[in-house]
Every structure is written in C-alpha cells, then in structure tokens.
Asker: 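Okay, handing you the structure first.
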Amino acid sequence: MNNETILNQTAILKTTASSISEVIDMPVANRLEGIGEYYFSQKLREIDELNRAGMQIINLGIGSPDLPPHPDVIQTLHEEAMKPNQHGYQNYKGSPVLRNAVAVWYKYWYNVTLNAETEILPLIGSKEGIMHICMTYLNPGDLVLIPNPGYPTYKSALKIAGATAVEYTLTNENNWYPDFATLETTDLQNVKLMFVNYPQMPTGQLPTKELFIQLVAFAKKHHILLVHDNPYSFILNDAPMSLLSTDGAMDVAIELNSLSKSHNMAGWRIGVLAGAKQRIDEVLRFKSNMDSGMFLPLQLAAAKALQLPVSFHDEVNNLYRTRRIKVVELLQLLHCNFDKNQAGLFMWAAIPQGYKDGYALSDKVLYESGVFITPGGIFGSAGDAYVRVSLCSNEEKIAEAIERIKKTL
C-alpha cells in the first residue's frame, strides 16, 4: 500500500467521523436508576483538579493503606509469577493452597473451624462478594436491612439486584449497635438479608460476644441471612472476632473478609467468603458466571500473607497508634468530639456546633486549608453530624495538615 492510498483512506475516515454529530442515545438499564457514581470517585476527580490548580491537597479521607505488604509476600508473588506454568485460567473455587491457608488463619485468629474444600470461597476483593451475594439471593420486592451509618456499597449493590433497602439506625448512645427492640417492631416479613459490619465502618465500634449472640438469635427468629462484613478486625484491635465463632452462626450467617486492610494489600483485590457449604455453592453459581479464578501467583502470595506472625500485625498497629495520636490532635483543633479507642483505619468524630453538617466542615477544611476529610453523611443520614479522618497518611502529612488548619482557623 503506497503513501497516496494511505492518505486517501485517512481522509475518508476523517470525513466519516466528522459526519457523526453526537454519540447515539442509549439509555442505561433501569437497575441503575438512583445509582450515582461512588462518592470517592467523584471527590478524587475534584481533588485532582484542585491539585492541577496548585493547591496540593492533603488527602486524609481515603482508607487505602499507604504501607506495603510484607517483603515475603512480594517475594512470593515475584517467584511464582516468574514460573512459566502459572499464567493460565484457575479453578473458580480458588487454589487449595489459599483455601487451606484461610482455614488455618480462621482457626488461629478467630477459633473458627472451616472446611477448606467446602466452606471457603476466595474473592477478587470482598467488595465483589457483596455484589455476588446480592445477585445470588435477592429478587425484586425483597427487603434488606442495612446499617445507617454504613458502607455505601451495601445499598447500591442490593438496589442493582432489584431489592429495597430498609435502614436500621445506629447511634452513639447505643454504642453503634442495632436497636433490636426497634427492629422487632419493624415489618420483617419480606426481609431476606441483613448486612452487619463489626468492627464497624465508619464508626470504629468493636463488637462484643453478646452482640453477635443477639444477631444470630434475631436472624434465626426471623429467617434472615446475616452477611457479616469483617475487613477491619486486625486494625487497632487486640482481639479479632468473627461472627462465625458464635454458636449457631453457620446456620444463618456468612462472612466476608479481606486482606486489603489487615495485610496492606488493597490493590491486590484479595478477599474471601466463609460460610456453610450450601451458601458457598449458591454464591459460586453466580460468581462462576461473572469472572474466572484469581491469578495463581496472587493466591499463593495471599497464602503467604495469611501465615505472617503476630509481630507483623503488632508493627503495623504500632504505626497506626502513633498516627492516631496526631489525628486526635487534628480533631481537637477542629473542636470535634470522639472516642480515642476506635478500631479500624479511621477516626469518627462528631462535628462542633456552628456547622450545618459534616459536609460543611469538610468543605471548609478542603477549600481553606487544602486538607480533605470525609463528611459522615456519605455513610447515611445518621452520619450527617460527623466527619471521618483516615490514618492512611504518614505523621509528616498529618502534621502538615494540622499546621495548615491552624493558619486558617
């Protein structure tokens, strides 16, 4: 093909492209009605724009660990990825090596005995598992109990599946636990699932054995499947707990867990679903039609991560404790009220008088000081009077944020 022919074809393509005045109108599916872009996706774009304008925003809003995984985990990934036979499709149920590692991990840390063959399902992140669970069990007309405040993905996932959210309000006065007396007065006839999350995000509230016993009894009484989202149990928490350690929980509950926070592997997208064989088989019916097995070297590296000693978690938590001291200083500067002993990657704090809501305080700090903290209202109306500050920045950045805020108060 000579140059003249190429130029002629290029001209034809340009003419064709210019004749198309606009993208065709293609309405999205009804299931996305009321589902907006994730708040942090929008906010990060705004922060990028502010940075391009020269503001250099300090982001104390996102809960993505800034620490790397243990060197042994990275080394395992490297060694396994170098092997020529590790790059094919994988078993939909996950590698036996990873499933066995999860079983040992659950027994050691949570005193929960799981059958590695039938009661464990690796996930490409636990957020994926939330969607899989909703698509597996929910039909239009089904109701789902979700916490307010709580992780926004619960609500969006069940809506996409066609179900309807029924919020149960958590309050500081009730230790951010469900009010079972109020729940008993609710029409629960069509409630199929109940999402629970302890240590709770965004409040950092730890569970108790009594709470888990109450949850299991409530679920049995009303024939509701409990979905316990448990990604924060290792962060600033000396006694990790699993709902599945409660007598009878395997009959009415499944549990999501993740290596994102506990092992500094957020971008690796490694999670797990644990529960009775029947539940695992049911979710696998959906999952196996949506994705393929996880990259094997990732699974083997995850298995290595689950074998790390207690000292790894102690080291990570000591660093978070030091950062929390600085975040406490920042929140005191803003005259917020909070519990100093929260678990998880954040500090949850009530805003002072004089602000309409957490959005107002967040915007003031962002636009005047160049520091982003999360408004509590994104987690539900019960969070309107709160803000959340992440521990996923080093002490120097938090100290700089403090100095910036001091200058603008």
Side-chain angles (χ1 to χ4, degrees), residues 40 58-74 105 108-110 125-127 149 151 176 197-207 229-242 256-268 270-271 302 305-334 336-350 365 371-374 376 379 386-403 405:
F40 285 116
I58 297 175
N59 188 341
L60 301 182
I62 308 297
S64 178
D66 61 321
L67 307 171
H70 192 281
D72 290 352
V73 177
I74 298 173
W105 185 62
Y108 180 83
W109 287 101
Y110 299 123
S126 59
K127 186 175 183 179
Y151 185 32
W176 304 108
N197 163 223
Y198 291 96
Q200 215 269 337
M201 200 289 294
T203 68
Q205 177 63 51
L206 286 165
D229 191 16
N230 193 22
Y232 293 100
S233 60
F234 284 81
I235 307 300
L236 296 175
N237 178 22
D238 295 329
M241 291 178 65
S242 165
L256 293 161
N257 219 316
S258 169
L259 276 67
S260 293
K261 276 69 174 179
S262 57
H263 294 80
N264 302 329
M265 298 169 71
W268 295 51
I270 298 170
L306 293 173
Q307 298 164 16
L308 292 173
V310 176
S311 59
F312 167 76
H313 297 288
D314 289 343
E315 183 178 345
V316 170
N317 280 315
N318 286 335
L319 185 57
Y320 283 135
R321 286 189 184 94
T322 302
R323 293 178 178 185
R324 184 166 60 181
I325 293 171
K326 298 300 292 183
V327 170
V328 164
E329 183 181 345
L330 184 151
L331 289 171
Q332 288 173 334
L333 186 63
L334 294 173
C336 293
N337 294 315
F338 50 87
D339 176 5
K340 293 182 180 180
N341 298 311
Q342 300 173 34
L345 288 175
F346 314 98
M347 287 292 288
W348 178 250
V365 174
V371 177
F372 174 58
I373 60 177
T374 304
F379 305 106
Y386 293 83
V387 290
R388 192 193 73 174
V389 181
S390 170
L391 304 180
C392 297
S393 292
N394 60 41
E395 287 181 73
E396 291 75 17
K397 282 189 178 181
I398 302 171
E400 182 182 348
I402 291 170
E403 292 306 310
I405 292 171

Asker: Rounded to the nearest 0.5 Å, what separates atom CG in Leu331 from atom CZ in Arg324?
Answerer: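 Reported to 0.5 Å precision, the distance equals 12.0 Å.
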Asker: Got a donor-acceptor contact below 3.5 angstrom from the Gln200 side chain to the Pro149 backbone?
Answerer: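 Indeed, once roles are kept as given, a pair shorter than 3.5 Å links the two residues.
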Asker: Hey, does the side chain of Asn264 reach the backbone of Pro69 with a donor-acceptor pair shorter than 3.5 angstrom?
Answerer: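 Flag not set: sc Asn264 to bb Pro69 has no pair under 3.5 Å.
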Asker: Under the side chain to side chain donor-acceptor pair (under 3.5 Å) rule, collect the residues that match up with Lys326, sequence neighbours excluded.
Answerer: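 Only Glu329 meet the side chain to side chain donor-acceptor pair (under 3.5 Å) criterion with Lys326.
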Asker: For Lys397, is there an ion pair with Asp66 - N to carboxylate O distance below 4.0 angstrom?
Answerer: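 Result for this pair is no, no salt bridge flagged.
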Asker: Can you tell me how far the OG1 atom of Thr322 sits from the CG atom of Asn394, to the nearest 0.5 Å?
Answerer: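 Output value for this atom pair is 12.0 Å.
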Asker: Is there a side-chain contact between Ser390 and Thr374 (heavy atoms, below 4.5 Å)?
Answerer: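 SC-SC contact between Ser390 and Thr374 ruled out.
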Asker: Is the ring pair Tyr110/Trp105 parallel, tilted or perpendicular, if the boundaries are 30 and 60 degrees?
Answerer: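 Plane angle over 60°, so perpendicular.
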Asker: Minimum heavy-atom separation for Tyr198 to Asn230, with atom names?
Answerer: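 Answer, listing the atom of Tyr198 first, then Asn230: O-OD1, 3.2 Å.
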Asker: Let me confirm one number: the CG-CD distance from Leu236 to Gln342, rounded to the nearest 0.5 Å.
Answerer: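 Rounded to the nearest 0.5 Å, the CG-CD separation comes out at 9.5 Å.
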Asker: Can you classify the ring geometry of Trp109 versus His313 as parallel (below 30°), tilted (30 to 60°) or perpendicular (above 60°)?
Answerer: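 Because their plane-to-plane angle is over 60°, the rings of Trp109 and His313 count as perpendicular.
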Asker: Counting heavy atoms not belonging to Gln332, are there more than 12 under 6.0 Å from its CD?
Answerer: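 Buried by this count: over 12 neighbours within 6.0 Å.
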Asker: Can you check whether Tyr386 and Trp176 have ring centres sitting under 6.0 Å from each other?
Answerer: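 Ring centres of Trp176 and Tyr386 closer than 6.0 Å.
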Asker: Taking all heavy atoms of Ile62 and all of Cys392, pick out the closest pair and write down the distance.
Answerer: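 For Ile62 versus Cys392, the nearest heavy atoms are O-CB, 3.9 Å.
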Asker: Ion pair present between Lys261 and Asp229, side-chain N to carboxylate O less than 4.0 angstrom?
Answerer: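 A salt bridge is absent here (no side-chain N lies under 4.0 Å from a carboxylate O).
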Asker: Look only at the side chain of Asn317 and the backbone of Phe234, and say whether a donor-acceptor pair between them is shorter than 3.5 Å.
Answerer: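 At least one qualifying donor-acceptor pair exists.
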Asker: Under the criterion side-chain contact (heavy atoms from CB on, under 4.5 Å), which of Leu60, Ile402, Ile373, Val389 is the partner of Val327?
Answerer: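 So the option named by the test is Val389.
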Asker: Tell me the closest heavy-atom pair linking Pro199 and Pro207, and the distance in Å.
Answerer: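 What the structure gives for the nearest pair is N-CD, 4.0 Å.
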Asker: Quick check against the 3.5 Å criterion: does Arg323 have a side-chain atom that pairs as donor or acceptor with the backbone of Ser393?
Answerer: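 Such a contact is found between Arg323 side chain and Ser393 backbone.
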